[in-house]
Amino acid sequence: MFYLLYLYYADIAQEYPLLHLIQYQTVRVALAMATAMIVAVAMGSRFINWIRAKQGRGQPIREDGPVSHLSKVGTPTMGGLMILAGIGVAVLLWGDLTNPYIWIVSGVTAAFGVLGFIDDYAKVTKQTSAGLTSKQKLAAQAVMAVIAGVLTVVWMTYSPTSPGLETSIAFPFLKAILLNIGWFYVAFAAFTIIGFSNAVNLTDGLDGLAIVPVMMAAGAFGIISYLVGNFLFADYLQVHHVPGAGELAIFCAAMIGGGMGFLWYNAPPAKIFMGDTGSLALGGALGSIAVATKHELVLGIVGGLFVVEAASVMIQVGYFKLTGKRIFLMAPIHHHFEKMGWPESTVVIRFWIVAAMLALAGLATLKLR
């Protein structure tokens, strides 16, 4: 079906030469970003008013959180639907729908988005910040991530990639070393997707805190996807070439555009929260893109802010169970700085700066080999 559509548009392009520009990936990247942003902004006020009417008291606020957060009571959640709508429209319009990586990443994003929606719905209806149990979420995430990992390995096995690349882990800074772990790679891929999904989810605690670093990471992986998918650039940079992965640059651009549209309404004071609908989906998307481009470890650098946020929670919980004491005033770590007296805007902007530095450091690994 998609091939027939391609032929149809090819015939139209013959009559209108300007449409030939669409065949260029860079043009479609720009169009995807603009489209996703326009869709998210267009949903804007009407969607927020509708979701506020449906949710009533909005997202519950943690009772043990900073006192300043009490002013956010009544703010609606599930704003991630705006981002996902923008991504969906942009990818359908400008993505190559014959590309398996587009479908794998889109599938992970949609599935994790549905899981996040269910969690948000439980929080709103029960008026509790708990939502689904951690075991329920992890079990669902594991099933979806394993399926994505298997599909990625199977496709790479039958595509013209380097032998063994599909089940290998590539290392930043080391051009020639590949650790082939066989089908255990599926577990590693699933861990990457699940871990990053939850890391973004934990970071989403302040207005604008998560979405901007997500956009920065998407920008970095948009560049990585483009370079890895292009044989000449991959050969020059001595990174592993993954045919077809370049199309994920369109998906990354859509994430940036959708994020910008959402940020228009999420900028302090937020009119709507992303919710688990957005954070789980966007984190899962970044994780699956890293798996598809064979840059899983680089994701830990590019998205280092999210890694630190998740690590702060694990350290806090583990230390408390062992000693009964806390290392941080509150976890995740952005709340620790709030408890220290930093204004919310100060925490957010400083974390953005850290995220930008880490994204650049991750990109630097492409050349330092």
Side-chain angles (χ1 to χ4, degrees), residues 32-62 65-66 68-91 109-110 112-114 116-117 119-121 123-124 129 131 200-219 252-283 285-286 305-306 334 338 343-349 351-352 355-356:
M33 188 183 300
T35 300
M37 183 180 67
I38 291 169
V39 169
V41 170
M43 289 179 68
S45 298
R46 290 185 180 181
F47 175 78
I48 293 171
N49 292 335
W50 177 80
I51 205 79
R52 180 183 287 115
K54 292 291 183 181
Q55 293 180 2
R57 288 180 289 176
Q59 177 174 302
I61 304 298
R62 285 178 59 176
S68 60
H69 288 206
L70 296 177
S71 62
K72 302 180 181 184
V73 172
T75 305
T77 187
M78 299 184 186
L81 290 172
M82 299 166 63
I83 306 172
L84 297 182
I87 293 173
V89 172
V91 170
T109 306
F112 277 57
V114 170
F117 179 87
D119 193 34
D120 285 335
Y121 184 81
K123 291 177 183 177
V124 172
S129 60
V200 174
N201 181 237
L202 290 169
T203 306
D204 184 31
L206 303 178
D207 297 349
L209 177 60
I211 188 60
V212 172
V214 163
M215 291 159 58
M216 292 176 181
C252 291
M255 288 178 64
I256 297 171
M260 288 191 293
F262 170 74
L263 185 62
W264 186 266
Y265 300 98
N266 186 242
K271 295 182 179 179
I272 190 169
F273 296 141
M274 184 194 304
D276 289 5
T277 307
S279 59
L280 290 179
L282 295 176
L286 288 170
L305 175 69
F306 302 114
H334 57 260
E338 281 191 290
E344 180 175 332
S345 58
T346 301
V347 176
V348 170
I349 293 174
F351 275 44
W352 287 355

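Side-chain contact between Glu338 and Leu206 is present, with at least one heavy-atom pair separated by less than 4.5 Å. A 4.5 Å side-chain heavy-atom check between Pro213 and Trp352 finds at least one atom pair inside the cut-off. Between Met260 and Met215 there is a side-chain heavy-atom pair separated by less than 4.5 Å. With contacts defined as side-chain heavy-atom distances shorter than 4.5 Å, the pair Ile83/Ile211 qualifies. At least one side-chain heavy atom of Pro343 sits under 4.5 Å from a side-chain heavy atom of Thr346. Side chains of Asp204 and Leu209 form no contact here, defined as non-hydrogen atoms less than 4.5 Å apart. Side-chain contact check for Asp276 versus Asn201: some heavy-atom pair is nearer than 4.5 Å.
The distance from atom CZ of Arg46 to atom CD1 of Ile51, rounded to the nearest 0.5 Å, is 16.0 Å. Between atom OG1 of residue Thr277 and atom CG of residue Leu81 there is a gap of 5.0 Å, rounded to the nearest 0.5 Å. Here Arg52 contributes atom CZ and Phe47 contributes atom CZ; the two are 11.5 Å apart, rounded to the nearest 0.5 Å. Once rounded to the nearest 0.5 Å, the distance linking CD1 of Ile256 with CE of Met33 reads 4.5 Å. With rounding to the nearest 0.5 angstrom, the CH2 atom of Trp264 is 10.5 Å from the OG atom of Ser45.
Listed here is the closest heavy atom pair of Ala254 and Ala36: O-CB, 3.3 Å. The two residues Met82 and Ala40 come nearest to each other via the heavy atoms CE-O, 3.3 Å. For the pair Gly283 and Val200, the tightest heavy-atom approach, listed with the atom from each and the gap, is CA-CG2, 3.6 Å. The two residues Met255 and Ala218 make their nearest non-hydrogen contact at CB-CB, 4.1 Å. Closest of all the heavy-atom pairs between Ala32 and Ala90 is O-CB, 3.4 Å. In terms of heavy-atom proximity, Ala85 sits nearest to Met43 at CB-SD, 3.6 Å.
Qualifying ring-ring contact (aromatic ring centres under 6.0 Å, His included) partners for Phe306, counting only residues two or more places apart in sequence or in other chains: Phe196.
Counting only distance, with no hydrogens or angles, the side chain of Glu344 and the backbone of Asp207 share a donor-acceptor pair below 3.5 Å. A donor-acceptor distance shorter than 3.5 angstrom exists from the side chain of Tyr265 to the backbone of Val41, with no hydrogens or angles considered.
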With a cut-off of 3.5 Å and sequence neighbours excluded, list every side-chain donor-acceptor pair involving residues 266-275.
unit_1, atom_1, unit_2, atom_2, d
Asn266, OD1, Gly208, N, 2.9
Asn266, ND2, Ile272, O, 2.9

Report task. Could you walk me through whether Ile87 and Val91 pass side chain to side chain contact (heavy atoms under 4.5 Å, CB included), step by step? Result -> CA-CA 6 Å; Ile87 293 173; Val91 170; 4.0 Å; yes

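The aromatic rings of Phe117 and Tyr121 sit parallel, their planes meeting at an angle under 30°, below the 60° perpendicular limit.
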